Amino acid sequence: ADLDGERMAIRSIVYEFVAVYFNNDNKENLQRVQKAKLDTWNRIQKHWDFFKSTPRKTEAGKKAFTGLEEAFNLWKNVHIKLDDYIAKTIENSGNKTEQDKYVNEYIKEIATLVKVSDNFSKLLVEQRERTFNFSKKMIDESAQSANNSIYTIIVVILIIAIAGLIFVFITISLITNSLNKIKEGTLSFFDFLNHKTSSSSLIDISSKDEFGEIAAVVNLNIKNTSNS
């Protein structure tokens with residue numbers, strides 16, 4: 001926005017020089033306009049240098065900027081000519097004939113300036129729109145990538161949760177099954193001790209955990225009692 005704003009500002013100064021010359025041919029006033037134009041162009045150059053330093057990622061963007069840079073240089077060259085006519089007009093203060101000659105050349109060059117300036121503005125707008133669309137596309141792709149990552153995380157969490165539930169269910173089933181076997185084996189052993197049955201079945205647990213150790217102790221007692 002600054003670059004295009006300064007473009008319009010310097011164009012108004014270009015016309016101001018002509019108005020000052022014909023309405024008040026005063027050297028100090030002409031020098032004031034000259035200084036204002038040079039200062040404005042210095043700001044334009046700074047804005048352009050900053051704009052130029054922005055990296056272009058795509059080949060299309062680089063190609064488009066090349067065309068924009070060519071338009072900028074044409075625009076700059078026209079202003080260099082205008083600055084030269086302004087300087088010569090001021091140098092020839094007191095020589096109306098020479099001044100009129102340079103001012104007339106200056107006015108002719110304004111027509112070229114308008115055409116070149118408008119073309120630069122058109123390309124500048126296109127470049128900004130292209131940059132905006134590219135940035136928007138990158139943001140959209142980043143957002144989509146983030147959404148995909150979220151979906152992936154959710155799926156992984158669900159899988160882990162389901163796997164955890166299955167593991168808990170299997171563990172509980174194993175524990176319950178072992179407890180039931182120990183319970184049934186112990187009750188069978190007590191029935192044998194109380195002469196309710198003639199024999200007692202061994203507990204069928206071969207695991208190496210606590211339930212296996214308990215079953216081994218009970219089975220040992222069943223064998224010892226049965227043999228006595």
Side-chain angles (χ1 to χ4, degrees), residues 1-6 43 46-69 72 121-228:
D2 290 335
L3 189 57
D4 205 43
E6 295 290 2
R43 291 195 299 271
K46 288 181 181 179
H47 290 312
W48 173 255
D49 290 341
F50 176 78
F51 183 77
K52 183 179 179 180
S53 66
T54 304
R56 272 77 193 175
K57 300 294 184 181
T58 65
E59 289 302 319
K62 293 176 182 178
K63 183 178 180 180
F65 179 76
T66 299
L68 180 63
E69 187 172 29
F72 176 81
S121 178
K122 174 177 172 291
L123 295 177
L124 181 63
V125 170
E126 291 176 355
Q127 180 74 19
R128 283 174 173 162
E129 289 178 351
R130 189 178 295 104
T131 301
F132 173 79
N133 291 333
F134 178 77
S135 300
K136 184 176 182 298
K137 180 181 177 182
M138 293 295 291
I139 292 172
D140 291 341
E141 289 178 351
S142 297
Q144 184 61 44
S145 177
N147 289 335
N148 292 338
S149 297
I150 292 173
Y151 295 147
T152 302
I153 291 172
I154 292 174
V155 170
V156 171
I157 290 174
L158 289 175
I159 292 174
I160 293 174
I162 293 172
L165 289 174
I166 293 174
F167 174 77
V168 170
F169 176 77
I170 293 174
T171 301
I172 292 174
S173 296
L174 292 173
I175 292 174
T176 302
N177 186 49
S178 296
L179 286 173
N180 287 333
K181 287 183 178 180
I182 292 174
K183 176 184 175 183
E184 291 172 359
T186 303
L187 291 175
S188 175
F189 177 55
F190 286 152
D191 287 342
F192 173 70
L193 290 176
N194 294 324
H195 304 290
K196 292 182 179 181
T197 59
S198 59
S199 65
S200 178
S201 301
L202 297 176
I203 299 174
D204 184 21
I205 298 179
S206 59
S207 61
K208 302 299 182 181
D209 55 13
E210 291 82 355
F211 295 110
E213 293 177 0
I214 294 172
V217 172
V218 174
N219 287 338
L220 179 61
N221 281 279
I222 291 173
K223 291 178 180 178
N224 291 337
T225 303
S226 298
N227 294 329
S228 62

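Remember, it's a predicted structure, so these values are computed and weren't measured experimentally. Every heavy atom of this structure was used, including side-chain atoms; hydrogens, water molecules and symmetry mates were not. Residues take their numbers from the sequence shown, with the count starting at 1.
Looking at Lys46, His47, Arg43 one by one, the single match for side chain to side chain contact (heavy atoms under 4.5 Å, CB included) with Leu3 turns out to be His47.
By the side-chain hydrogen bond (donor to acceptor under 3.5 Å, both in side chains) test, Asn180 is found to be paired with no residue, residues two or more places apart in sequence or in another chain being considered. Applying the side chain to side chain contact (heavy atoms under 4.5 Å, CB included) test to Asn177 and every residue at least two apart in sequence or in another chain returns Lys181. With sequence neighbours left out, the side chain to side chain contact (heavy atoms under 4.5 Å, CB included) criterion links Ile170 to Ile166, Leu174. Considering only residues two or more places apart in sequence or on other chains, Glu141 meets the side chain to side chain contact (heavy atoms under 4.5 Å, CB included) condition with Lys137, Met138. With sequence neighbours excluded, no residue forms a side-chain hydrogen bond (donor to acceptor under 3.5 Å, both in side chains) with Thr66. Considering only residues two or more places apart in sequence or on other chains, Leu179 meets the side chain to side chain contact (heavy atoms under 4.5 Å, CB included) condition with Ile175, Phe211.
Note on ring orientation: taking the six-membered ring where Trp is involved, the planes of Trp48 and Phe72 are parallel (angle under 30°, cut-offs 30° and 60°).
With rounding to the nearest 0.5 Å, the separation of CD1 in Ile157 from OG1 in Thr152 is 11.0 Å. Distance check, rounded to the nearest 0.5 Å: CD1 of Ile182 to CG of Leu187 gives 11.5 Å. Put simply, OG on Ser178 and NZ on Lys183 are 14.5 Å apart, with the number rounded to the nearest 0.5 Å.
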Practice task
For side-chain hydrogen bond (donor to acceptor under 3.5 Å, both in side chains), just list the numbers for Gln144 and Asn148, CA-CA rounded to whole Å, side-chain angles, deciding distance to a tenth of an Å, and then say yes or no.
Solution key: CA-CA 6 Å; Gln144 184 61 44; Asn148 292 338; 3.1 Å; yes

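Looking at every heavy atom in both residues, Thr186 comes nearest to Ile203 through N-CD1, 4.3 Å. The minimum heavy-atom distance between Leu124 and Leu68, with the atom names listed, is N-CD1, 3.5 Å. The two atoms that bring Gly67 and Leu123 nearest to each other are O-CD1, 3.8 Å, heavy atoms only.
Residues Leu165 and Phe169 have side chains not in contact (no heavy-atom distance under 4.5 Å, counting atoms from C-beta outward).
Look at Glu59 and Lys63 and you find no salt bridge, because none of the NZ, NE, NH1 or NH2 atoms lies under 4.0 Å from a carboxylate O.
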